[in-house]
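The next block holds one structure in the form of structure tokens; read it before the comments.
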Amino acid sequence: MNCLKLIPLLSLLVSTFASAKPNIIFIMADDLGYGDLGCFGQELIKTPELDRMAREGIKFNRFYSGSTVCAPSRSVLMTGQHMGHTHVRGNAGGDMMRQSLRDEDITVAEKMKEAGYRTALIGKWGLGEMNQPGHPMKQGFDYFYGYLNQVHAHNFYPEFLWRNLKKHKLSNIVKPVSTSSRAGFIGGAATKRVEYSHDLFAREALSWIKKNQDNPFFLYLPLTIPHANNEGSRLFGDGAEVPEYGIYEKMDWPKQDKGQAAMITRMDKDVGRILNLLKTLKIADNTLVLFTSDNGPHNEARHNPERFNPAGPLRGMKRTLTEGGIRVPTIAWWPSTITSNTVSEQPFYFGDLMATACKLAEIAPPPNLDSISFLPTLTGNESNQPEHKYLYWEFYERTFRQAVVMKEWKLIRSAMDDNTIELYDLSKDIHEDKNLATEHPALAQRLISYMEEAHTPHPNWITPRTSEK
């Protein structure tokens, strides 16, 4: 056969092989609580699309975020390293270099790109600014649209968003709050509200999927809903920014409560639009969609958390290491692969995305990970599912705290002081009410030894023992 005639055939074979690799869409809400979805027990806020996603897929009852606040949680997600090893371990205030990934950090996006995937980030990044090594286009993303900066992302009606390396100017007019200036961006709230960033993200995601439907792709969609606009709370007493209250308009609730509920329902609708598009394009069977939240729920919009019980049966909220701060509502959807209406009770966490994505892309994961693939659980092969020896967190705001989970056992320690420890049996005490540390001293010491094993000192993140030296 003529060699020239072989070229189209070989191209077709390569294309067919490449498209056999499953697409991955990772959708992450911002400050959504474990109990904020109907499929996780919410009774007042309506989430029919995510509830359907859970019925058609798998619901993870013990899935954990990377941290209890924004930036470090995202660092764990992107690097596959827990809080004792990942580079960004806290929201860094004004020192944005501490909140930037480094050149040597390897992200999920970099690995997917190496495997031939198209990669996109649409939404909130928070791990590197312009001219920093952590900028998303230096960390494996072919396309970026959204916010680089966390404080900028508080405002759902900003004056601009970033598209790749350029500003995309919007029609909103913002009243600044100068005390929230970071990296040249000033937090604030809009006095003229025209373009709602979440709606732009939903539109952009749908468009990008259509453009890339014929290639294996990885879409990271970190939404800003239902995070509060903290500056809006301070300026106008309402941080729950949303264009309309929708089905909650006539509820006898304060406007902040209506806004909180409306944001979640609006997000739910857009998740449904993405799932429906995948079906319309006939790529649903070859696309894994994961939905989760970056940490536990907030109370910064000046809404009433008691109305919605956002942590559900758990104790605590964002900025705590109790279950309410780090256990997040997580759903996976993959038609023809995941058995519908299934539930997983095994502990997984954000860092496991790396090993799972690499397995799906048929590529070796990077070294020095704290990550296991949960692909056996997704495919109904739980008998072959590896388990974590333990999961680990540390948190630097106010008092330094650590937490470790080993199967049903959970230990929390404050200020690296072995006298301030809490030990809970989560299989019997999901609300973490009964401290069993004195009843099981040997077990408590074993979990403390895991904390010592997990924590690697970092010059940017000082612990009490480091500061004593």
Side-chain angles (χ1 to χ4, degrees), residues 28-33 36 45 69-71 91 93-94 96 99 123-126 146-162 167-202 222-249 251 253-268 270 293-308 310 317-319 397:
M28 185 166 68
D30 199 327
D31 290 2
L32 185 79
D36 272 331
I45 301 173
V69 292
C70 175
N91 289 342
M96 298 311 297
Q99 205 168 299
K124 169 181 167 183
W125 177 235
Y147 301 97
L148 290 173
N149 181 272
Q150 287 189 80
V151 173
H152 187 210
H154 289 175
N155 183 5
F156 286 18
Y157 291 94
E159 292 179 317
F160 71 91
L161 293 168
W162 291 100
K167 288 182 179 179
H168 172 216
K169 294 190 184 259
L170 304 178
S171 303
N172 307 311
I173 297 176
V174 176
K175 180 177 181 178
V177 178
S178 60
T179 54
S180 293
S181 177
R182 297 184 190 175
F185 300 133
I186 297 177
T191 54
K192 180 182 178 182
R193 299 181 172 188
V194 181
E195 295 171 281
Y196 191 60
S197 61
H198 170 82
D199 292 351
L200 299 179
F201 296 154
L223 304 172
T224 48
I225 284 178
H227 195 291
N229 183 348
N230 302 35
E231 290 71 44
S233 294
R234 288 152 55 191
L235 283 170
F236 306 124
D238 180 8
E241 292 185 332
V242 69
E244 59 190 11
Y245 296 139
I247 61 174
Y248 308 102
E249 178 68 48
M251 300 299 290
W253 299 345
K255 62 182 180 179
Q256 297 91 336
D257 290 17
K258 293 180 184 180
Q260 177 73 8
M263 280 195 289
I264 294 172
T265 296
R266 194 180 196 89
M267 175 187 64
D268 175 80
D270 290 325
S293 173
D294 66 339
N295 45 245
H298 68 88
N299 58 357
E300 295 157 351
R302 299 202 178 175
H303 65 289
N304 177 15
E306 294 182 6
R307 182 182 303 280
F308 303 121
M317 301 180 75
K318 178 181 179 180
R319 291 188 172 83
E397 292 183 23

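Hydrogens, waters and symmetry mates play no part in the numbers below; they use all other heavy atoms, side chains included.
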Evaluate the side chain to side chain contact (heavy atoms under 4.5 Å, CB included) criterion for residues N229 and H154: first the C-alpha distance (whole Å), next the side-chain angles of each, then the deciding distance (0.1 Å), finally the verdict. CA-CA 4 Å; N229 183 348; H154 289 175; 3.7 Å; yes
Per the side chain to side chain donor-acceptor pair (under 3.5 Å) rule, which among N299, N295, D31 passes with K318? D31
Interatomic distance, CG@N91 vs CD@E397, rounded to 0.5 Å, equals 6.0 Å
Mind checking the CD-CZ spacing from Q256 to R302? Nearest 0.5 Å is all I need. 8.0 Å
Heavy atoms of G126 and A71 approach each other most closely as O-CB, 4.0 Å
Side chain to side chain contact (heavy atoms under 4.5 Å, CB included) assessment of H298 paired with H303: CA-CA 9 Å; H298 68 88; H303 65 289; 3.5 Å; yes
For the student: nearest non-hydrogen atoms of S197 and T224, plus distance: OG-OG1, 4.3 Å
Could you pull out the closest heavy-atom pair between Y147 and N155, with the gap in Å? OH-O, 2.6 Å
Would you sort out whether Q150 and K124 count as a side chain to side chain contact (heavy atoms under 4.5 Å, CB included), showing the intermediate values? CA-CA 7 Å; Q150 287 189 80; K124 169 181 167 183; 4.2 Å; yes
Taking only residues two or more places apart in sequence, or in another chain, which ones meet Y157 in a side chain to side chain donor-acceptor pair (under 3.5 Å)? none
Rounded to the nearest 0.5 Å, the CD1 atom of I225 sits from the CE atom of M263 at a distance of 6.5 Å
Atom pair CG/CG of D268 and D36 - distance to nearest 0.5 Å: 11.5 Å
Tell me the closest heavy-atom pair linking A29 and M267, and the distance in Å. CB-SD, 3.6 Å
Say you draw a straight line from NZ of K175 to CD1 of I173; how long is it, rounded to the nearest 0.5 Å? 13.5 Å
Looking at residues at least two apart in the chain, or sitting in another chain, which of them share a ring-ring contact (aromatic ring centres under 6.0 Å, His included) with F156? Y196
When you look at L161 and L170, which way does the side chain to side chain contact (heavy atoms under 4.5 Å, CB included) test go after all the steps? CA-CA 8 Å; L161 293 168; L170 304 178; 4.0 Å; yes
For M28 versus S293, what's the shortest heavy-atom pair and its separation? CG-C, 3.9 Å
Return the orientation label for the Y248 and W253 ring planes: parallel under 30°, perpendicular over 60°, tilted otherwise. parallel
Would you check if there is a donor-acceptor pair between the side chains of D270 and H198 at a distance under 3.5 Å? yes
Check this for me: E306, atom CD, are more than 12 non-hydrogen atoms of other residues, nucleotides or ligands nearer than 6.0 Å? no
Applying salt bridge (Lys or Arg N to Asp or Glu O under 4.0 Å), name anything that partners K258, two or more places apart in sequence or on another chain. none
Atom pair CD/CD of Q260 and E300 - distance to nearest 0.5 Å: 10.5 Å
Would you mind telling me which of W162, F160, W125 makes a ring pair (Phe, Tyr, Trp, His ring centres under 6.0 Å) with H152? F160
For P226 and D30 the tightest heavy-atom approach is CD-O, 2.9 Å
